[in-house]
Amino acid sequence: MIDSLKISSPGKIILAGEHSVVYGKKALACSIGLRTSLIATRNNSNNSNNLFELEMKDLKKSIKLDESYFNEI
């Protein structure tokens, strides 16, 4: 079982056609040199409930979720 997962995604900028993609039309987009990262860590040390901590260092935010949250999605 995986205890930790780190993902990263480049930033993007839409130069033209941002709303047109809703109607199946084309847009002009490109990636930029900024990235957003997310680190997901399982923490089941203190009790029987499995807790996941989602840490977004770039945004200076952290969220703790119980495993049951993922079963409801």
Report task. Determine whether Val21 and Ile13 fall in the same hydrophobic cluster, where Ile, Leu, Val, Met, Phe, Trp and Tyr are linked whenever their side-chain heavy atoms lie under 4.5 Å apart. Result -> no

**Report entry** Linked hydrophobic residues, Ile39 as query - side chain contacts closer than 4.5 Å
**Finding:** none

Query raised in the report: Is Leu15 reachable from Ile32 through a run of hydrophobic residues whose side-chain heavy atoms are each under 4.5 Å from the next?
Result: yes

**Report entry** Residue list, side chain to side chain contact (heavy atoms under 4.5 Å, CB included) with Leu38, at least two apart or on another chain
**Finding:** Ile7, Leu54, Met56

Query raised in the report: Who else is in the cluster with Tyr23 when I, L, V, M, F, W and Y are joined by side-chain contacts under 4.5 Å?
Result: Val22

Query raised in the report: How would you list all residue pairs meeting side-chain hydrogen bond (donor to acceptor under 3.5 Å, both in side chains) that involve residues 24-37, not counting sequence neighbours?
Result: Ser8-Arg35

Query raised in the report: Listed by chain and number, what are the side chain to side chain contact (heavy atoms under 4.5 Å, CB included) partners of Glu53, not counting sequence neighbours?
Result: Ser62, Lys64

